[in-house]
**Q** 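The structure's right below; bear with me while I get my questions together.
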2 protein chains.
Amino acid sequence: MNIGEAAARTGLPAKTIRYYEEIRLIRPHRAANGYRSFNERDLHKLSFLARARALGFSIEDCRMLLALYEDETRASADVKRVAEGHLSRIDQKIADLKSMRETLSELVEACAGDHRPDCPILKGLSAEPARMPG
Amino acid sequence: MNIGEAAARTGLPAKTIRYYEEIRLIRPHRAANGYRSFNERDLHKLSFLARARALGFSIEDCRMLLALYEDETRASADVKRVAEGHLSRIDQKIADLKSMRETLSELVEACAGDHRPDCPILKGLSAEPARMPG
DNA sequence: ATGGACCTTCCAGCGCTGGGAAGGTCAAGG
DNA sequence: CCTTGACCTTCCCAGCGCTGGAAGGTCCAT
């Protein structure tokens with residue numbers, strides 16, 4: 001099938017599929033007219049990529065996971081290692097965001113949000129953030 | 001002072017400071033020899049930017065916040081609106097990451113992580129993710 | 001005069017698309 | 001047979017927010 005149908009069936013934009021081919025994640029055949037030609041195997045790989053990307057795996061993680069997916073002799077430990085690495089990166093991001101959220105919401109709550117110029121948010125951004133007042 | 005000292009005192013890399021000038025967030029003077037020359041006001045703005053960026057504000061948010069910071073007649077409501085917008089983006093990101101984390105950790109926990117090829121993580125990525133089995 | 005630390009500009013790249021131009025190909029309809 | 005329009009192709013530019021490197025100018029100490 002052509003790229004349009006592959007896009008429709010995997011939910012990935014055609015642009016993204018071309019990009020995945022460019023970076024050698026997939027290697028669809030070419031028809032005589034030069035069009036990419038996708039088989040069921042390609043579709044599976046694309047769907048796999050779509051799900052892995054939706055879980056936030058980097059492209060390089062995806063490349064590794066796809067290789068393991070295709071390797072019948074893999075050890076599940078190898079897969080698990082990749083996933084655990086990603087999990088800890090997610091945890092780190094969540095922690096960072098929560099910390100930002102904490103600071104920011106304190107500032108927002110302290111701000112009257114009216115017509116006056118006095119603003120704790122700007123004060124907080126212009127001064128070294130004071131530590132817990134206690 | 002030169003860019004090196006400005007970098008040391010704000011904690012921002014010199015490259016980043018040059019970039020901020022390029023996108024017109026700051027406009028340091030130039031000395032006769034062509035070197036950028038930073039005054040205290042520039043330093044304050046750079047520190048402000050460093051803190052705003054550390055809280056995850058986008059460059060465009062920073063541009064807006066900096067303009068409000070410099071405008072003595074601002075309304076704190078305008079600042080608050082920017083901050084609240086950012087706060088809700090943070091909340092959305094946290095929610096997304098938590099959702100990823102949830103799915104991923106279920107898969108990781110189900111994986112034996114041994115020498116055998118059987119792997120629930122790969123299975124989960126290759127099949128339509130099953131909804132709660134209940 | 002020389003060395004090295006500093007400064008300058010410009011160019012390219014990261015991951016991951018998205019947008020759009022310019023052009024080839026195909027199937028259907030007049 | 002020719003046109004229309006949907007599809008496909010490649011290529012290049014843009015964006016985020018820097019970051020790296022190359023090539024070269026400036027300054028200061030020795």
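Order of the sequence lines sets the chain letters (A, B, ...), proteins ahead of strands, with each chain counted from 1.
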**Q** Please table the atom pairs, donor to acceptor, closer than 3.5 Å between any side-chain atom in residues 3-14 of chain B and protein atoms at least two apart or in another chain.
**A**
unit_1 : atom_1 : unit_2 : atom_2 : d
B:R9   : NH2    : B:E40  : OE2    : 3.2
B:T10  : OG1    : B:A6   : O      : 2.8
B:T10  : OG1    : B:L12  : N      : 3.2

**Q** Taking the side chain as everything from C-beta on, heavy atoms only, tell me whether A:H44 gets closer than 4.5 Å to A:E70.
**A** no
**Q** Expressed as a whole number of angstroms, how long is the span from B:Y19:OH to C:dC11:C1'?
**A** 16 Å
**Q** Around atom CE of A:M1, are there more than 12 heavy atoms from other residues, nucleotides or ligands closer than 6.0 Å?
**A** yes
**Q** Students should find this one: the first and last nucleotides of DNA chain D, 5' to 3', lying under 4.0 Å from a heavy atom of chain B. What are they?
**A** D:dG17 to D:dC27
**Q** Quick one, B:L65 and B:H86 - any side-chain contact, counting heavy atoms below 4.5 Å?
**A** no
**Q** With A:R74, which residues qualify under side chain to side chain donor-acceptor pair (under 3.5 Å), at least two apart?
**A** none
**Q** Report the residue (A:P13 or B:K15) whose heavy-atom-nearest nucleotide on DNA chain C is the more 5′ of the two.
**A** B:K15
**Q** Can you tell if the side chain of A:I17 reaches within under 4.5 Å of the side chain of A:E21, non-hydrogen atoms only?
**A** no
**Q** Is there side-chain contact between A:T16 and A:R53, with heavy atoms separated by less than 4.5 Å?
**A** no
**Q** Measuring only between side-chain heavy atoms, which start at C-beta, is A:L68 closer than 4.5 Å to A:M64?
**A** yes
**Q** Could you check whether B:F57 gets within reach of a base, just the sugar-phosphate, or nothing at all, counting any heavy atom under 4.0 Å?
**A** nothing
**Q** Please list residues of residues 23-46 of chain B whose heavy atoms come under 4.0 Å from any atom in DNA chain D, ordered by number; otherwise none.
**A** B:N33, B:Y35
**Q** Could you tell me whether the side chain of A:L49 reaches within less than 4.5 Å of the side chain of A:I26, counting heavy atoms only?
**A** yes
**Q** Contact list please: residues 3-11 of chain A against DNA chain D, heavy atoms, distance less than 4.0 Å, in numerical order.
**A** A:I3, A:G4
**Q** When the distance from CG of A:L49 to C1' of C:dT17 is rounded to whole Å, what number comes out?
**A** 15 Å
**Q** Answer yes or no: is there a side-chain heavy-atom contact under 4.5 Å between A:L66 and A:Y69?
**A** yes
**Q** To the nearest angstrom, how far is A:N2 atom CG from C:dT25 atom P?
**A** 14 Å
**Q** Just to confirm, is there a sub-4.0 Å distance from OP1 or OP2 of C:dT17 to any side-chain nitrogen or oxygen of A:R53?
**A** yes
**Q** Mind checking side chain to side chain donor-acceptor pair (under 3.5 Å) for B:E109 and listing every partner two or more places apart, or none if nothing turns up?
**A** none
